[in-house]
Amino acid sequence: MGQKVNPIGLRIGINKTWASRWYVDPKEYANTLHEDLKLRKFILNMPETKGADIAELEIIRHPQRITIVIHTARPGVIIGVKGANIEKIGAELQKFVSKKIQIKIKEVRNADNNAQIIAQNIARQLLARSSFRRTMKQAITNAIKKGNAQGVKVRLSGRLGGAEMSRTEEAKEGRIPLHTLRADIDYGFAEAMTTFGVIGIKVWVYNGMKYGKEQKEDAGVLVRKRRERAPARS
């Protein structure tokens, strides 16, 4: 199961939330979904967002407007000089939709343990013909030492090192409990379009367990609270 299911999709409603948040009439669902996909693809392929290290795109639809929250490690690249870039992005996106578009930018504080940014950095280094083994090990070391991650796994697939036959290589350090639903696992995917073919990069980052409010309290206090709540037997 850990190999076949997207770790974020598996945890939605437990410790992850939806990347698109809206509600429409069932007849409009397909059109709205394709509009979302178009907006996401356009933002990621724009020259203004190249090298901005975008970790996540949130789309929130209100009755009169659409809010797009861009999570990035380098907000200055997207904002541009005196906000020129962000204005251009907004104007281009407005052509796709009838509602007013509002763009918000959130900075990713710890880029070293963000799976999507790690995957993008590996892709960038592979395009610069860096050794794939050294790149993988370096990314894992940085995530654990600088990013304080408890476990990291990186998997590369394709014509690694320009080999004739494509293969899959994997490097791992620490714990990655993919089957534990309360585990906070971040997942990222990127592609490196090299001269000898496409190399796929998958990254899993484990940032510890996420418990509910009750679980954080002392066990003795919990038992006492439950006894107090329980109705007295006659």
Side-chain angles (χ1 to χ4, degrees), residues 6 8-9 16-22 24 28-130 135 139 147 154 156-158 186-203 205:
N6 186 307
I8 292 169
K16 301 283 179 189
T17 187
W18 286 261
S20 289
R21 295 199 291 279
W22 41 263
V24 292
E28 292 294 316
Y29 181 85
N31 292 335
T32 313
L33 176 64
H34 282 286
E35 198 176 81
D36 270 19
L37 294 171
K38 204 186 285 181
L39 288 170
R40 286 175 188 280
K41 191 177 179 181
F42 188 77
I43 291 169
L44 294 172
N45 293 332
M46 282 185 84
E48 286 80 15
T49 60
K50 290 288 174 198
D53 285 346
I54 293 172
E56 190 187 347
L57 288 169
E58 279 183 79
I59 298 175
I60 305 147
R61 288 176 182 267
H62 308 281
Q64 302 300 325
R65 72 180 194 277
I66 299 168
T67 303
I68 298 172
V69 185
I70 302 172
H71 295 255
T72 172
R74 302 169 72 188
V77 174
I78 292 177
I79 294 164
V81 182
K82 294 180 182 176
N85 273 6
I86 199 164
E87 279 179 22
K88 193 178 178 183
I89 293 166
E92 290 292 324
L93 292 176
Q94 197 64 65
K95 294 174 186 176
F96 291 100
V97 292
S98 55
K99 290 179 183 177
K100 191 188 174 189
I101 280 190
Q102 180 187 20
I103 297 173
K104 289 183 180 178
I105 292 172
K106 274 191 180 179
E107 188 181 355
V108 176
R109 296 287 177 191
N110 195 352
D112 287 305
N113 74 350
N114 186 289
Q116 187 59 40
I117 292 172
I118 292 168
Q120 286 173 19
N121 286 338
I122 292 171
R124 210 174 289 131
Q125 288 178 59
L126 291 176
L127 285 170
R129 292 178 175 261
S130 178
T135 304
V154 177
L156 305 184
S157 291
D186 193 15
Y187 172 74
F189 172 75
E191 287 178 335
M193 308 283 184
T194 64
T195 51
F196 37 82
V198 179
I199 293 175
I201 302 134
K202 288 181 179 181
V203 179
V205 177

Subject >> Partners meeting side-chain hydrogen bond (donor to acceptor under 3.5 Å, both in side chains) with Thr32 (sequence neighbours left out) >> reply: none
Original post:
Nearest 0.5 Å, what's the CD1-CD1 distance between Ile59 and Ile70?
Top reply: 10.0 Å
Name every donor-acceptor pair, under 3.5 Å, that has one atom in a side chain of residues 37-46 and the other anywhere in the protein, sequence neighbours excluded.
from: Arg40; atom 1: NH1; to: Leu57; atom 2: O; distance (Å): 2.6
from: Arg40; atom 1: NH2; to: Ala19; atom 2: O; distance (Å): 3.2
from: Arg40; atom 1: NH2; to: Ser20; atom 2: OG; distance (Å): 2.8
from: Arg40; atom 1: NH2; to: Leu57; atom 2: O; distance (Å): 3.3
from: Asn45; atom 1: ND2; to: Lys41; atom 2: O; distance (Å): 3.2

**OP:** To the nearest 0.5 angstrom, please state how far the CD atom of Glu191 sits from the NZ atom of Lys202.
**Re:** 10.5 Å
Subject >> Heavy-atom pair of closest approach, residues Ile118 and Ala139 >> reply: CG2-CB, 3.9 Å
Subject >> Side chains of Gln102 and Lys100 in contact at under 4.5 Å (non-hydrogen atoms) >> reply: no
Original post:
Closest approach of Ile105 and Pro75, non-hydrogen atoms and distance?
Top reply: CG2-CB, 3.8 Å
**OP:** Mind listing the closest non-hydrogen atom pair of Ala73 and Ala111 along with its distance?
**Re:** CB-CB, 3.9 Å
Subject >> Closest contact, heavy atoms only, Val77 versus Gly51 >> reply: CG2-O, 4.3 Å
Subject >> Exam field: side chain Asp186 to backbone Val205, donor-acceptor pair closer than 3.5 Å >> reply: no
Original post:
Taking atom CG of Asn6 and atom NZ of Lys16, what is their separation to the nearest 0.5 Å?
Top reply: 10.0 Å
**OP:** Provide the closest heavy-atom pair for Gly200 versus Phe189 in the form atom of the first, atom of the second, distance.
**Re:** CA-CE1, 4.3 Å
Original post:
To the nearest 0.5 Å, what is the distance between CD (Gln94) and CD1 (Ile101)?
Top reply: 5.0 Å
Subject >> Cationic N near anionic O, under 4.0 Å, Glu35 to Lys99 >> reply: no
**OP:** Sort and list the pairs that fulfil side-chain hydrogen bond (donor to acceptor under 3.5 Å, both in side chains) and have at least one residue in residues 71-82, not counting sequence neighbours.
**Re:** Glu58-His71
**OP:** Could you check Ile122 against Leu156 for side-chain contact (heavy atoms from CB on, under 4.5 Å), going step by step and ending with a plain yes or no?
**Re:** CA-CA 10 Å; Ile122 292 171; Leu156 305 184; 4.1 Å; yes
**OP:** Give the C-alpha distance, both sets of side-chain angles, the deciding distance and a yes or no for side-chain contact (heavy atoms from CB on, under 4.5 Å) between Asn114 and Glu56.
**Re:** CA-CA 10 Å; Asn114 186 289; Glu56 190 187 347; over 6 Å; no
**OP:** Compare every heavy atom of Ile103 with every heavy atom of Leu93, then report the nearest pair and how far apart it is.
**Re:** CD1-CD1, 4.0 Å
Original post:
Going by heavy atoms in the side chains, are Ile54 and Ile78 under 4.5 Å from each other?
Top reply: yes
**OP:** Carefully, step by step, assess Thr135 and Asn121 under the rule side-chain contact (heavy atoms from CB on, under 4.5 Å).
**Re:** CA-CA 9 Å; Thr135 304; Asn121 286 338; over 6 Å; no
Original post:
Got a sec: does the CZ of Phe196 have more than 12 other heavy atoms crowding it under 6.0 Å?
Top reply: yes
**OP:** Taking the side chain as every heavy atom from C-beta outward, state whether Ile68 and Ile89 have any atom pair closer than 4.5 Å.
**Re:** no
